[in-house]
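Here is the structure we will look at, set down as structure tokens.
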Amino acid sequence: MIVAIDGPAGAGKSTVARLLAERLGFRYLDTGAMYRALTWLARRRGVALDRAAELALLATEHPVGFDEQGRVFIDGSDVTSSIRRPDIDKLVPVVARHPQVREVMRERQRALGSEGNVVIEGRDIGTVVAPQAQVKVYLVADEQVRAARRSTERPGIGADALATDLRLRDERDAVNMRPAADAIQIDTTDLDVGEVVARIEEIVVAQRSA
């Protein structure tokens, strides 16, 4: 079974998807981490981030992998921590906007998603990567709440800067960020993580018993 969780930054996708996967005994696939890993490798190899073809080739030759603990690997390196640095935050959108790169990554995501039960989170999972997913959820939240959540995740960055970054990310992601027609939308503004996970778990259980 594939559970697809989409939504904008700060809606709670990563935390919810990770905890849901633990509750269900599914694998967790963080597609955003894949673009981060490619960005990290491109900087390490000196590949210019505006060279779409070179980046796509790099992604093809060095596919991102995950272990059972959810750690992220590329080119033989564990980059789980390295890809969460502020400098990577700023550069990931430059890499992810290239259609050639996105196509390579989507194929890799489909390959990883085909291996048993998995929770996949991102921005276009239910619409493009895994439209066949048995459960599709689209998380939303108030912009101020999303900015506050990002501030908690990135304590070294000022609140105003994070709020501006969030707006810019929403604008950049708009073309890829829309709910699938059959996705269930959940507003997480006034819900804690446990409540969101419990709601999605109920949906999954119902689908599996249908």
Side-chain angles (χ1 to χ4, degrees), residues 1-36 66 70 72 80 83-84 86 89 92-93 96 109 113 117-131 133-208:
M1 170 180 277
I2 296 176
V3 179
I5 300 181
D6 292 308
K13 298 188 305 298
S14 297
T15 303
V16 167
R18 186 180 298 108
L19 291 176
L20 178 66
E22 290 177 3
R23 290 267 289 268
L24 295 171
F26 285 18
R27 287 181 302 109
Y28 164 56
L29 178 56
D30 178 358
T31 61
M34 299 174 70
Y35 289 99
R36 289 174 174 274
F66 299 84
V72 188
T80 308
I83 62 175
R84 300 298 174 182
D89 282 351
V92 167
Q109 290 157 15
N117 297 319
V118 61
V119 177
I120 312 178
E121 62 102 339
R123 286 171 173 74
D124 59 0
I125 308 305
T127 54
V128 179
V129 175
Q134 292 89 337
V135 174
K136 301 175 188 176
V137 176
Y138 194 87
L139 302 182
V140 297
D142 178 81
E143 185 175 305
Q144 291 184 335
V145 171
R146 292 195 290 125
R149 290 172 180 168
R150 296 292 287 179
S151 181
T152 300
E153 296 170 357
R154 304 285 190 273
I157 305 176
D160 290 343
L162 278 170
T164 299
D165 178 66
L166 193 66
R167 284 194 294 273
L168 291 174
R169 288 188 67 176
D170 284 352
E171 292 172 4
R172 287 192 299 261
D173 292 339
V175 66
N176 297 309
M177 195 170 62
R178 65 186 188 281
D182 55 346
I184 297 171
Q185 293 196 46
I186 299 177
D187 190 333
T188 69
T189 301
D190 298 316
L191 300 175
D192 62 32
V193 173
E195 291 173 316
V196 179
V197 171
R199 287 194 184 186
I200 302 175
E201 185 178 19
E202 290 179 0
I203 296 169
V204 173
V205 170
Q207 177 64 31
R208 296 184 83 179

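Counting from 1, the numbers follow the sequence of the chain as shown.
At least one side-chain heavy atom of M34 sits under 4.5 Å from a side-chain heavy atom of L29. With a 4.5 Å cut-off on side-chain heavy atoms, F66 and V72 count as touching. Counting only heavy atoms from C-beta outward, the side chains of V205 and E202 never approach each other to under 4.5 Å. Side-chain contact check for Q134 versus I2: some heavy-atom pair is nearer than 4.5 Å. I186 places a side-chain heavy atom less than 4.5 Å from the side chain of L191.
Note: T15 OG1 to L139 CG = 10.5 Å, rounded to the nearest 0.5 Å.
Of all the heavy atoms in V92 and Y35, the pair that sits closest is CG1-CB, 4.1 Å. Closest approach of A33 to I83, counting heavy atoms only: O-CD1, 3.8 Å. What you find for N117 and R208 is that their closest heavy atoms are ND2-NH2, 3.9 Å. Annotation for R178 and Y138: closest pair C-CE1, 3.7 Å, computed over non-hydrogen atoms.
Contact check on R36 versus D89 returns a salt bridge, with a Lys/Arg side-chain nitrogen under 4.0 Å from an Asp/Glu carboxylate oxygen.
Counting only residues at least two apart or on different chains, the side chain to side chain donor-acceptor pair (under 3.5 Å) pairs with a member in residues 16-32 are R23-E201, Y28-E121, D30-R84.
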Decide yes or no on side chain to side chain contact (heavy atoms under 4.5 Å, CB included) for V204 and V119, but give the supporting numbers first.
CA-CA 11 Å; V204 173; V119 177; over 6 Å; no
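Residues meeting the side-chain contact (heavy atoms from CB on, under 4.5 Å) test with D182, sequence neighbours left out: K136, A180. Judged as a side-chain hydrogen bond (donor to acceptor under 3.5 Å, both in side chains), and not counting sequence neighbours, the contacts of D187 are T189. Residues satisfying the side-chain contact (heavy atoms from CB on, under 4.5 Å) test with V128, not counting sequence neighbours, are R106, R110, D124.
Looking at T188, its side chain never comes within 3.5 Å of a backbone N or O of A141 through a donor-acceptor pair.
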